[in-house]
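The structure under discussion appears below in the form of structure tokens.
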Amino acid sequence: MSSIEDPIDDLSVTPPKTYAAGVPAVTHALRYSLEQTSVKRTALTLLNINQAKGIDCPGCAWPEPKPGQRHMNEYCENGAKHINDEATSRRVTREFFAEHSIAELDGKSDYWLNQQGRLTEPMVKRPGATHYEPIDWDEALGLLADELKALASPDEALFYVSGRLSNEAAFLLQLFARAYGTNNLPDCSNMCHESSGSALNETLGTGKGTVSLDDIHSADLVFVVGQNPGTNHPRMLSALEETKRNGGKVVAVNTLPEAGLMRFKNPQVPRGIVGRGTAIADQFLHIRAGGDLALFQALNRLLLEAEDAAPGTVLDHEFIEAHSTGFAEFSEHVRQVTWEHVLDATGLTREEIEEVHQRVLASKNIIVCWAMGLTQHKHGVPSIREVVNFQMLRGNIGRPGAGVCPVRGHSNVQGDRTMGVWERMPQAFLDALGTEFGFTPPTKHGLDAVNGIRAMYEGQAKFFLGVAGNFVRATPDSAVTEQAMRGCRLTAHVSTKLNRSHTVCGDIALILPTLGRSDKDFQNGVEQFITVEDSMSDVHASRGKLPPASPHLLSEVAIISRLASLTLGDMPALPWKDFEADYGTIRDRISRVVPGFENFNEKVSVPGGFNLPNPARSRTFRTPSGKAVFTRNDFTMPHVPEGHLLLQTLRSHDQWNTIWYAPNDRYRGIHDARRVVMVNPADLKDLGIADRDMVDLVSIWTDGSERRAENFRVVPYPASRGSAAAYYPETNVLVPLDSVADISNCPTSKGVVVRLEPASSAG
Ligand SMILES: Nc1nc2c(c(=O)[nH]1)N[C@H]1C(S)=C(S)[C@@H](COP(=O)(O)OP(=O)(O)OC[C@H]3O[C@@H](n4cnc5c(=O)[nH]c(N)nc54)[C@H](O)[C@@H]3O)O[C@H]1N2
Ligand SMILES: Nc1nc2c(c(=O)[nH]1)N[C@H]1C(S)=C(S)[C@@H](COP(=O)(O)OP(=O)(O)OC[C@H]3O[C@@H](n4cnc5c(=O)[nH]c(N)nc54)[C@H](O)[C@@H]3O)O[C@H]1N2
Ligand code: SF4
Ligand SMILES: [Mo]
């Protein structure tokens, strides 16, 4: 029996921190690392993380500075925790699975499952079995291939990808899925930045951001909207520190006064360790949940009015005339937005918004960064389109120090999309793929995450293969999703560590353990490397440094290649064996299919790699009109009935997405508990609820149905009025499957209407 038990739930609350990082952060990272593994392995991972010939951090997608400009410790507290969570010395063995039934494992917490350590050999649960048992690779992959061949249609299979996957593995997986005959490639992006992709593709003709790290450093004004960089992109604070040093200003827009937005003590420089650190936000807008669309509409209206008052001085007419369409319709529309509505939707004062406007007028080059606080709302796409309108009015697209910056989550989530993991890849990509490999890819759009769950739930999809990630915990409406997965003929997961998706099984279930970023990858005795693309389109190599967690692991590339070969049989144009033996051959193919990757092997051999071309950066817009598009976005704000709050489901400081490392959220002052709900004291007073009351969160949905998450402790917290915050994935059960963002179909994880009821079961 494992000695790793869940930490005792024993909530204590301290005042939220007013700065991020510094020495405590380094201490916390080291403590977690040394709990997981030896001093030697910790030193090996940490000295190599984010170095030019080292391991790309498996944490977030924030870019590294150019080689030569990197610090010896080019990582943050959370990056160190993520990599050593993977480099752990703990192991999950066949004896472990013999000891614990699947039902027993299903009763364990996400923490407990993850703490058991690295998976070591393939395991199978056969129909009717209560336990996983060992299976060898040939049989495991043969079983998968047989089930795929037995499906009535390729569209009954789903191939899920999470953003840890390398470019090479992602390219092969989508090639395999399409050669097999389906575009069913749901991915974690569907739940993440999908709204950014939808809005940016429509307006700028690219799904990606348009800025580089140098642009951030040299901007006059950076907006950080709906994002918690202190926890989720910690090294972004070093970049913002540089912006400030160069005289730039920062405006933060958030429903919570997040520590990292206030002040940063850089642990990599002496003044950060001993001094007060750098103030980050020059202005903080404590906005109402979902109020960002109204805020940017107000700013846009103010810009138009300033131009009326001093014609020719405010707007960038050259940009608007030469590079955009739709200005007249947009401006007519946005002029109708009233202060009454804006102040109601944002909860801000007119003075605060006018102060931002003055900052905008005083700044030549502006960047807007955002993350889940924008994308995961029902009106996430219009909100981001309005940000683009704002940037276009003053020509802040396609010039140094300016642009739009969706800050990505997973380390290679952007690269996986570039490689073709998308249920709706453009026809030009499919054509290039078909030409290169001599087959006709399917053109019918595939299923995304939400539609994939629906298809499994309704029995139309029966085969689920997840490569990385934790689908069952990452998706909304947990009870519905679990039922959908249990209804499958087969569920299989290529994983490094045990998680809930392994305990929610179809008739047959497979665990396929794989190498992580930190593991050395040898094929036929030759060391391989993989490549990734960060949030700013820099593509570079990553090489593992540690002996693999077990001799029985296969790389993701090997697993996908062998499965493809067994499923599709001999196809001379698809040399799977070569791909497995030498990843350089995969990169050669990528260079012929994916624009911007010409001479991939050569370009990636340079330390630091290369930057992908982004036409929007040079004002080439791949939209149907060839111009950037101003959009008209109807004014909307979330409707929250009397007595209810708008709940956001978010990350604590001690978690990586669906996995928590400790029950703490240090910067927010929450210790030793995760089932907490943070609410503004004034709202609590109105609702007649007291500090530490035990409540159930009950979400209501338009069809009259209700969903309940039980036993949450109430913590008074400076959340903006009318909103509440609680951690994901415990709260995913509250998000109805049908509650999605318009256009992007992204679950509305930041906009769940709930009421707090006294806890129904004494807890
Ligand atoms: N340590 C750590 N790092 C991570 C992750 C992790 O789990 N742990 N996950 C990675 C991934 S995949 C992603 S996508 C990113 C996510 O990075 P974030 O988007 O920072 O993640 P969340 O924790 O969801 O935080 C959402 C932020 O938006 C704010 N917010 C919520 N609603 C609104 C709103 O209506 N308006 C405004 N203006 N603000 C709002 C919240 O208060 C919070 O600060 O982080 C990546 N990095
Ligand atoms: N309610 C709510 N739901 C959300 C969100 C939210 O804010 N609120 N955020 C959404 C977002 S932004 C995202 S990105 C998704 C995240 O969804 P996912 O990406 O699916 O989830 P993760 O928790 O990152 O996946 C963790 C698992 O990945 C596996 N893994 C780790 N590294 C590797 C590797 O190198 N290779 C392989 N094969 N496996 C590996 C491990 O087994 C680990 O258990 O969740 C989404 N869900
Ligand atoms: S900022 Fe992100 S990529 Fe950089 S070290 Fe931290 S977690 Fe890793
Ligand atoms: Mo994400």
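For ligands, and for the atoms within them, numbers begin at 1 and follow the listed sequence. Position 1 is the first residue of the sequence; numbering continues from there. All values below come from the heavy atoms of this structure, side chains included, with hydrogens, waters and symmetry mates left out.
Looking at Arg651, Arg408, His82, His193 and measuring to atom 12 (S) of ligand 2, the nearest heavy atom belongs to Arg651. The closest non-hydrogen atom to atom 39 (N) of ligand 2, taken over Ala726, Ala468, Pro729, Gly516, comes from Ala468. Of all the listed residues (Gly409, Gly469, Ser411, Pro58), Gly469 holds the heavy atom that lies closest to atom 28 (O) of ligand 2.
The aromatic rings of Phe464 and His493 lie tilted to each other, with the angle between the two planes from 30° to 60°. Taking the six-membered ring where tryptophan is involved, the planes of His82 and Trp656 are perpendicular, since the angle between them exceeds 60° and thus also 30°.
Legend: residues meeting ring-ring contact (aromatic ring centres under 6.0 Å, His included) with His540, ordered by chain and number and at least two apart, are absent.
Applying the salt bridge (Lys or Arg N to Asp or Glu O under 4.0 Å) test between Glu730 and each of Arg500, Arg675, Arg473, Arg674 identifies Arg674 as the sole match.
Salt-bridge check for Asp738 with Arg454: passed, with a basic side-chain N closer than 4.0 Å to an acidic carboxylate O. Classification of Asp665 and Arg651 as a salt-bridged pair fails, no side-chain N sitting under 4.0 Å from a carboxylate O. Between Arg517 and Glu86 there is no salt bridge, since no side-chain nitrogen of the basic residue lies less than 4.0 Å from a carboxylate oxygen of the acidic one. Taking 4.0 Å as the cut-off between side-chain N and carboxylate O, Lys497 and Asp85 count as a salt-bridged pair. Salt bridge absent: Asp56 and Arg543 never bring a charged side-chain N and a carboxylate O closer than 4.0 Å. A salt bridge links Arg417 to Asp187: at least one charged side-chain nitrogen sits closer than 4.0 Å to a carboxylate oxygen. Note on Glu258 versus Arg668: salt bridge recorded, some NZ/NE/NH1/NH2 to OD/OE distance being below 4.0 Å.
Any N or O atom pair closer than 3.5 Å counts here, and Glu86 shares no such pair with ligand 2. Inclusion of Asn657 in the set of residues having an N or O under 3.5 Å from an N or O of ligand 2 is warranted. Checked against a 3.5 angstrom limit, the closest N/O atoms of Ala474 and ligand 2 fall inside it. Residue contacts with ligand 2: Val735 is placed with no nitrogen or oxygen under 3.5 Å of a nitrogen or oxygen of the ligand (distance criterion only). Ligand 2 has no N or O atom lying under 3.5 Å from any N or O atom of Thr731, backbone or side chain.
Looking from atom 23 (O) of ligand 2 to the surrounding protein, the closest heavy atom is Thr658 OG1, 2.5 Å. The nearest protein atom to atom 3 (N) of ligand 2, hydrogens excluded, is given as Tyr728 CD1, 3.1 Å; this is a heavy-atom distance. When only non-hydrogen protein atoms are considered, atom 37 (C) of ligand 2 lies nearest to Glu556 OE2, 3.1 Å. The protein atom (non-hydrogen) at minimum distance from atom 44 (O) of ligand 2 is Asn499 ND2, 2.8 Å. The closest protein non-hydrogen atom to atom 20 (O) of ligand 2 is Tyr160 OH, 2.7 Å. For atom 8 (N) of ligand 2, the closest non-hydrogen atom of the protein is Thr649 OG1, 3.0 Å. Among protein heavy atoms, atom 21 (O) of ligand 2 sits closest to Asn470 N, 3.6 Å. The nearest protein atom to atom 33 (C) of ligand 2, hydrogens excluded, is given as Thr496 OG1, 3.5 Å; this is a heavy-atom distance.
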Next item on the list: Could you walk me through whether Arg666 and Glu77 pass the salt bridge (Lys or Arg N to Asp or Glu O under 4.0 Å) test, one step at a time?
Entry: CA-CA 12 Å; Arg666 202 168 74 245; Glu77 169 194 0; 3.0 Å; yes

Check: Can you check side-chain hydrogen bond (donor to acceptor under 3.5 Å, both in side chains) on Asp6 and Ser109, steps first, answer last?
Finding: CA-CA 7 Å; Asp6 282 351; Ser109 71; 2.7 Å; yes

Note to self: Is there a side-chain contact (heavy atoms from CB on, under 4.5 Å) between Gln36 and Gln115? Walk through the geometry before answering.
What the structure shows: CA-CA 9 Å; Gln36 297 297 321; Gln115 288 296 324; 3.0 Å; yes

Note to self: I'd like to know whether Glu556 forms a side-chain contact (heavy atoms from CB on, under 4.5 Å) with Val494, so could you lay out the CA-CA distance, the side-chain angles of the two residues, the decisive distance to 0.1 Å, and finally the verdict.
What the structure shows: CA-CA 7 Å; Glu556 284 148 345; Val494 177; 4.0 Å; yes

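For atom 6 (Fe) of ligand 3, the neighbouring protein N/O/S atoms at less than 2.8 Å, given as residue and atom, are Cys76 SG.
Within ligand 2, the atoms closer than 4.0 Å to a non-hydrogen atom of Val494 are 37 (C), 38 (N), 39 (N), numbered from 1 in the order shown. For ligand 2, the atoms sitting less than 4.0 Å from at least one non-hydrogen atom of Thr514 are 36 (N), 37 (C), 38 (N), numbered in the order shown with element in parentheses. Of all the atoms in ligand 3, the ones that sit under 4.0 Å from a non-hydrogen atom of Asn50 are 4 (Fe), 5 (S). Using a 4.0 Å cut-off to heavy atoms of Met372, the atoms of ligand 2 that qualify are 12 (S). Taking every heavy atom of Ser162 and a limit of under 4.0 angstrom, the matching atoms of ligand 2 come to 18 (P), 19 (O). In summary, the atoms of ligand 2 found under 4.0 Å from a heavy atom of Ser749, numbered by their order in the structure, are 1 (N), 2 (C), 3 (N), 6 (C), 8 (N). Heavy-atom contacts of Gln376 reach the following atoms of ligand 2: 5 (C), 6 (C), 7 (O), 9 (N), 10 (C), 12 (S) (cutoff under 4.0 Å). Close contacts between ligand 2 and Trp656 involve ligand atoms 23 (O), 24 (O) [criterion: under 4.0 Å to a heavy atom].
Counting heavy atoms under 4.0 Å from ligand 2, residue His410 touches it through the side chain alone.
Residue Lys750 places a heavy atom less than 4.0 Å from ligand 2. For Leu650, the heavy-atom gap to ligand 2 stays at 4.0 angstrom or more.
Rounded to the nearest 0.5 Å, atoms CZ (Arg235) and SG (Cys57) are 7.0 Å apart. Here the OG1-CG distance, from Thr503 to Leu498, works out to 8.0 Å after rounding to the nearest 0.5 Å.
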